[in-house]
Amino acid sequence: MSALALKARSSWLFSFGDLVTLLITFFIMMIVLNKGEISQVQKWAEGQLDQAYASLEQEMTGADYISLSRTANGISINISHKEAFVKGGYELSDALEVELNQLGKALQSLKIFHLSRSDIPIKILRIADADSLSWRSEVSVVGYTDNDQIAPESSLRNNWFLSTMRAQNVMKSLYQSSGLAQSQFGVTGYGKYRPIASNESAEGKAKNRRVQVMISATFEKSITR
């Protein structure tokens with residue numbers, strides 16, 4: 001093969017290599033830019049949750065049966081007071097019912113549950129639309145117990161049933177007092193599973209007997225049918 005032919009072939013190879021490099025660089029830039037845009041959307045959604053948390057925290061100041069915290073997953077509301085439920089059962093105590101009614105009315109006024117497209121900044125809306133994202137807000141209620149066995153003669157049957165019924169009654173109270181759509185609520189019971197403390201002590205068992213309400217709000221991928 002002549003030197004001229006080798007040179008021409010090498011030039012072609014270098015040109016092709018440059019093209020591949022440019023294409024790879026282009027796709028990396030697109031991924032980075034898209035990730036940056038999604039981060040903007042997430043940051044805006046987190047800001048909405050921060051505002052909601054500040055509002056709830058102010059509204060529920062002085063509550064004895066309900067405590068709030070802001071977590072990476074949303075707004076966590078913990079109910080673990082020893083007198084939150086009728087002893088040994090799943091019916092709400094009168095005092096807890098009062099605080100849940102107060103919380104439910106506070107939820108009703110939160111903007112995250114009533115967002116319309118006109119409430120979302122144009123830039124955020126364009127990014128969300130381009131990625132088929134839609135706003136989703138939810139109140140998830142989860143019940144837990146310690147690992148003490150339920151008496152065989154009890155109508156409660158087992159810890160799973162007890163945790164589920166407690167969570168359901170909390171959810172029912174919030175649903176009725178908030179006026180939010182039924183589709184915005186979810187309820188689950190885990191019984192003795194997923195403890196947050198050791199069941200080897202009375203203090204640990206008391207922490208494990210709880211109902212957690214998690215309020216989440218974010219943009220999610222739209223489901224097309």
Side-chain angles (χ1 to χ4, degrees), residues 45-46 49-50 52-104 106-107 110 112 136-178 180 184-218:
E46 288 297 313
L49 274 171
D50 288 339
Y53 173 69
S55 177
L56 287 180
E57 189 177 36
Q58 182 177 9
E59 183 65 32
M60 300 308 295
T61 298
D64 295 318
Y65 291 75
I66 293 174
S67 62
L68 289 80
S69 62
R70 180 71 167 91
T71 72
N73 296 323
I75 302 171
S76 178
I77 301 168
N78 190 59
I79 303 169
S80 58
H81 195 284
K82 63 180 181 180
E83 296 177 357
F85 298 90
V86 174
K87 189 173 182 179
Y90 50 80
E91 297 295 337
L92 307 178
S93 68
D94 292 340
L96 176 59
E97 184 73 65
V98 169
E99 292 191 3
L100 287 176
N101 286 336
Q102 182 182 357
L103 176 62
L107 294 181
L110 293 183
I112 58 173
R136 168 72 175 168
S137 54
E138 185 178 33
V139 181
S140 178
V141 188
V142 186
Y144 306 87
T145 68
D146 56 29
N147 66 346
D148 286 347
Q149 294 295 318
I150 300 295
E153 66 276 6
S154 173
S155 60
L156 295 176
R157 291 183 283 183
N158 52 49
N159 280 319
W160 177 84
F161 180 80
L162 175 59
S163 66
T164 302
M165 291 304 297
R166 285 182 172 178
Q168 182 173 300
N169 282 337
V170 169
M171 184 273 289
K172 183 179 178 181
S173 178
L174 291 176
Y175 168 64
Q176 292 176 340
S177 57
S178 69
L180 298 177
Q184 290 178 298
F185 288 88
V187 61
T188 309
Y190 285 111
K192 64 181 181 180
Y193 300 101
R194 303 193 182 187
I196 57 173
S198 172
N199 278 308
E200 297 301 315
S201 67
E203 294 77 9
K205 288 183 177 182
K207 291 180 180 179
N208 291 331
R209 294 191 296 268
R210 69 199 190 280
V211 171
Q212 183 183 42
V213 181
M214 180 62 71
I215 299 172
S216 59
T218 188

Checklist entry - According to the interplanar angle, ranging from 0 to 90°, do the rings of Tyr144 and Tyr190 count as parallel (below 30°), tilted (30 to 60°) or perpendicular (above 60°)? => result parallel
Would you check if [X] and [Y] make a side-chain contact, meaning some heavy-atom pair closer than 4.5 Å?
X      : Y      : value
Ile77  : Val211 : no
Leu49  : Thr218 : no
Met214 : Asn73  : yes
Thr188 : Val141 : no
Ser93  : Glu83  : no
Ser173 : Asn101 : yes
Met60  : Leu103 : yes
Asn169 : Glu91  : yes

Which distance, rounded to the nearest 0.5 Å, do you find between the [atom1] of [X] and the [atom2] of [Y]?
X      : Y      : atom1 : atom2 : value
Leu180 : Glu138 : CG    : CD    : 11.5 Å
Ser155 : Met165 : OG    : CE    : 9.5 Å
Leu110 : Ser137 : CG    : OG    : 9.5 Å
Leu174 : Phe185 : CG    : CZ    : 6.0 Å
Gln184 : Ser216 : CD    : OG    : 10.0 Å
Arg209 : His81  : CZ    : NE2   : 12.5 Å

Next on the checklist: Would you say Asn147 and Asn159 are linked by a side-chain donor-acceptor pair, where the criterion is simply a distance under 3.5 Å?
Outcome noted: no
Next on the checklist: Would you say Asn78 and Ser80 are linked by a side-chain donor-acceptor pair, where the criterion is simply a distance under 3.5 Å?
Outcome noted: yes
If I compare all heavy atoms of [X] with all of [Y], which pair ends up nearest, and what's the gap?
X      : Y      : result
Leu156 : Phe161 : O-CD2, 2.8 Å
Ile79  : Ala84  : CG2-CB, 3.8 Å
Ala63  : Ile66  : CB-O, 3.7 Å
Ile112 : Ala52  : CD1-CB, 4.0 Å
Gly191 : Ser163 : N-OG, 2.9 Å
Arg210 : Arg194 : NH2-O, 3.2 Å

Checklist outcome for this item: Test side chain to side chain contact (heavy atoms under 4.5 Å, CB included), reference Ile75, set Val139, Leu56, Val213, output is Leu56
Checklist entry - Any side chain to side chain donor-acceptor pair (under 3.5 Å) pairs touching residues 57-67, not counting sequence neighbours? => result Tyr53-Glu57
Checklist entry - Any ion pair linking Lys205 and Asp148 (charged N to carboxylate O, less than 4.0 Å)? => result yes
Item to check | Evaluation steps, side-chain contact (heavy atoms from CB on, under 4.5 Å), between Asn208 and Lys192 | outcome: CA-CA 8 Å; Asn208 291 331; Lys192 64 181 181 180; over 6 Å; no
Checklist entry - Within 45° of the ring axis of Phe85 and under 6.0 Å from its six-membered ring centre, is that where the NZ or CZ of Arg166 lies? => result yes
Checklist entry - Judged by atom type as modelled, is there a donor-acceptor pair below 3.5 Å linking the side chain of Ser154 to the main-chain atoms of Ile150? => result no
